[in-house]
Number of protein chains: 2
Amino acid sequence: MATLKEVAHIAGVSIATVSRVLSNSDYPVSPQTREAILKVAEDVGYSPNRAARSLRTERSSLIGVILDNFSSQWAPIIIRGIQDVLHNSGYFTLVVNIPWEKYSQTDVVQDMLGHSVDAFVFVETWHPVSERREMLNNRPYVIVHRLFHQSDPHSIIPDEAHNSALVVKHLLKLGHKKIAYIAGDSDYFSSSQRLDAYLYTMRAAGFAIQADWIARGDWSIRSGYACAQRILAADIMPSAIVAANDGLAYGALLAVIDAGLSVPADIAIVGYDNNDISSMSNPTITTVTLPLFLMGQVAAENLLRQLQTDDCEFAEQLIPGQLIVRQSCGAPEGKDVYARDYLRATME
Amino acid sequence: MATLKEVAHIAGVSIATVSRVLSNSDYPVSPQTREAILKVAEDVGYSPNRAARSLRTERSSLIGVILDNFSSQWAPIIIRGIQDVLHNSGYFTLVVNIPWEKYSQTDVVQDMLGHSVDAFVFVETWHPVSERREMLNNRPYVIVHRLFHQSDPHSIIPDEAHNSALVVKHLLKLGHKKIAYIAGDSDYFSSSQRLDAYLYTMRAAGFAIQADWIARGDWSIRSGYACAQRILAADIMPSAIVAANDGLAYGALLAVIDAGLSVPADIAIVGYDNNDISSMSNPTITTVTLPLFLMGQVAAENLLRQLQTDDCEFAEQLIPGQLIVRQSCGAPEGKDVYARDYLRATME
DNA sequence: CTTGACACAGTAAACGTTTTCCGATAAAGT
DNA sequence: ACTTTATCGGAAAACGTTTACTGTGTCAAG
């Protein structure tokens with residue numbers, strides 16, 4: 001591997017000059033010398049030794065990315081968004097999945113600091129804010145798709161209020177007035193956000209909500225089934241059910257069908273997350289898709305801003321999702337196909 | 001951040017000695033000094049500067065992991081397997097998803113070499129062997145879950161022959177003699193492997209195969225549907241269909257049902273890959289699961305062996321999968337539940 | 001003609017390790 | 001008692017950068 005020294009020797013200049021040209025510093029260098037050096041560097045295939053550079057500058061062009069669950073339906077897409085931006089800016093990511101029964105987040109952060117990462121990204125994972133700042137050695141950080149309640153201004157999260165309003169307004173527009181709701185596990189941030197927005201939008205539209213129209217599940221198909229059964233036994237039968245994710249929605253779908261009713265004729269159903277289940281069920285389920293790739297990009301851009309300026313002004317950033325209209329709500333269908341070519345899509 | 005120098009100063013020894021103790025070299029150091037140094041290092045929270053170490057030793061404790069498709073159903077699990085082993089041995093991974101319409105593999109490899117990665121892992125991706133060795137600067141490498149035909153002794157791949165035999169023998173044991181087959185896209189390595197093993201096992205068992213029992217699809221649900229229709233129109237109607245993946249199997253399932261037949265009573269169906277689709281369909285589909293986590297682990301262990309010894313003796317390594325018996329083949333069912341709690345499982 | 005100011009290039013120190021070489025002490029063999 | 005050998009510790013060089021400092025030469029303003 002060629003070094004500065006060799007390039008300098010061939011070009012007949014000092015290594016300082018070569019360094020200044022090749023690390024695009026703004027130190028003045030005459031056009032001829034610059035030209036000559038660039039040519040030599042190209043010829044010998046010079047590539048800077050990151051270790052040496054890192055040792056000297058105390059920056060590594062490495063960014064630590066920490067997650068709990070690599071195999072979540074969201075994480076890989078978010079990471080692609082992050083890398084899309086960071087790689088273009090010359091950064092590499094140290095992606096680590098922490099099975100938190102095995103390693104502590106703190107240990108991993110320590111190890112990463114040993115590699116002198118410039119910043120951190122937490123994906124769908126969480127650590128008490130009070131400790132975080134010092135734990136990270138005051139490096140910039142960002143949390144993307146924070147799942148839990150603990151608030152943090154460095155978060156990039158879906159705009160659940162907007163999304164919920166999207167869903168409820170869509171149903172209202174289709175003429176539904178009696179809309180029930182199946183909430184998710186209350187430990188999760190998005191769960192209460194989605195529920196709150198449902199309540200707010202309904203009230204803002206001037207519609208009453210029956211107490212027995214609201215059930216709370218734990219995200220699973222099974223609990224969606226159980227919740228829907230409770231809702232179907234309500235004093236006033238609703239004409240639509242909004243579920244806080246596609247698993248619950250699919251469970252509700254099964255329950256409604258098992259009760260001898262039809263979807264969407266008798267009861268409309270809407271889910272969340274655009275999980276594969278929602279495009280493969282029969283009927284397919286109208287749902288809200290989260291802009292995961294975009295969230296990753298935004299997170300990375302935020303991080304870059306923190307790295308470039310020392311401006312650490314920060315506010316939670318909300319990214320709106322999109323409604324995907326399918327069969328389960330009775331509206332004219334969007335462009336989505338019945339059984340999406342799942343494997344085809346993932347293999348291309 | 002504490003340095004060797006500080007530790008040395010406090011412990012009252014030279015940095016050379018501290019280095020020898022802290023980088024567990026086998027250079028003789030008296031127990032007392034060792035003890036003292038370790039204590040001081042612990043107290044000040046010493047953590048070695050990887051950049052400096054890397055500059056000196058020309059190793060980085062970094063391993064480059066390159067993939068095409070982060071969001072494939074296999075990749076995240078494989079990566080977790082890889083990291084499980086590598087992280088325990090003090091390595092970090094530089095995971096990069098290459099959208100190959102955007103960047104060239106060669107560029108990414110170059111960038112990684114700039115960070116002086118010690119070795120490479122290619123996940124489900126491919127590059128001509130002839131160029132590879134020099135492109136990688138003679139660093140060790142390993143390919144895990146190679147999808148294409150181009151053979152390479154450094155590959156860790158599923159033992160498709162074993163898996164196919166598993167499936168066919170299972171059906172033969174259930175009394176099926178007329179077994180049809182839907183193959184996948186012939187560009188893919190596993191496709192031909194699975195087909196070959198089907199043919200071999202059938203012949204070895206002494207059963208004839210009708211030409212119109214074999215159809216070729218492209219992995220998609222749609223093509224599974226079409227292939228099954230062709231097979232159902234065969235001169236001699238088969239009693240079972242083996243499909244090269246779960247998408248094809250699901251398509252076949254739909255076709256059989258649409259033809260007014262029942263699964264498994266009239267036709268048994270078996271798929272591959274234990275995709276979510278196979279556990280959510282009705283009936284659920286018997287399938288073969290690939291040991292992805294294990295494959296990642298094996299790959300990482302191979303890499304470590306290459307790094308430690310300079311022994312580059314290498315042979316393709318085949319990892320056998322497992323049969324998951326579900327409803328679609330008519331056998332007494334395994335422990336798998338009907339609609340697996342998909343989201344629950346991914347969120348925990 | 002002086003005096004800055006500026007553009008450009010080079011010298012050398014520093015970053016934190018590892019490791020070679022060398023010296024000192026002690027134990028063991030003659 | 002003298003060599004040999006093993007054990008332990010230190011001094012110092014090196015890895016490839018970046019950058020503060022210094023030193024030229026040129027040019028414009030006074």
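In what follows, chains are A, B, ... by sequence order, proteins preceding strands, each numbered from 1.
In this structure, the side chain of A:Asp118 does not engage the main chain of A:Arg59 through any donor-acceptor pair within 3.5 Å. Judged purely by atom type and a 3.5 angstrom limit, B:Thr93 has no side-chain atom pairing as donor or acceptor with the backbone of B:Val95. Side-chain N or O atoms of B:Ser89 include none that pairs as donor or acceptor with a backbone N or O of B:Tyr91 at under 3.5 Å.
The NZ atom of B:Lys5 sits 11 Å away from the P atom of C:dT17 (whole-angstrom rounding). A straight line from CZ of A:Arg53 to P of D:dC15 spans 19 Å, rounded to a whole angstrom. Between B:Leu4 atom CG and C:dC15 atom C1' there is a gap of 13 Å when expressed in whole angstrom units. Look at CZ on A:Arg59: it is 18 Å from P on D:dT17, rounded to the nearest Å. If you measure from atom CD of B:Glu58 to atom P of D:dA14, you get 15 Å, rounded to the nearest angstrom. Taking atom CG of A:Leu55 as the reference point, atom C1' of C:dG16 lies 6 Å away to the nearest angstrom.
The shortest distance between side-chain heavy atoms of B:Ile98 and B:Ile66 falls below 4.5 Å. In this structure, the side chains of A:Leu290 and A:His145 come closer than 4.5 Å at one or more pairs of heavy atoms. Counting heavy atoms from C-beta on, the side chains of B:Ile63 and B:Leu307 come closer than 4.5 Å.
Residue contacts for A:Ser23: at a heavy-atom cut-off of 4.0 Å it reaches the sugar-phosphate backbone alone, with no base atom in range.
Ion pair A:Lys39/A:Asp43 flagged as a salt bridge, since at least one NZ, NE, NH1 or NH2 atom sits closer than 4.0 Å to an Asp/Glu carboxylate oxygen.
The stretch residues 29-42 of chain A has no heavy atom under 4.0 Å from DNA chain D, so no residue of it qualifies as close. Non-hydrogen atoms lying under 4.0 Å from DNA chain D are contributed by B:Val13, B:Ser14, B:Ala16, B:Thr17, B:Arg20, all within residues 7-21 of chain B.
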**OP:** Before giving the answer on ring-ring contact (aromatic ring centres under 6.0 Å, His included), spell out for A:Phe70 and B:Phe70 the whole-Å C-alpha distance, their side-chain angles and the decisive distance to 0.1 Å.
**Re:** CA-CA 10 Å; A:Phe70 224 141; B:Phe70 223 142; 5.7 Å; yes
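Judged by distance alone, the side chains of B:Asp152 and B:Tyr141 do bring a donor and an acceptor atom under 3.5 Å apart.
Taking only distance into account, the side chain of A:Tyr27 never meets the base of D:dA20 through a donor-acceptor pair shorter than 3.5 Å.
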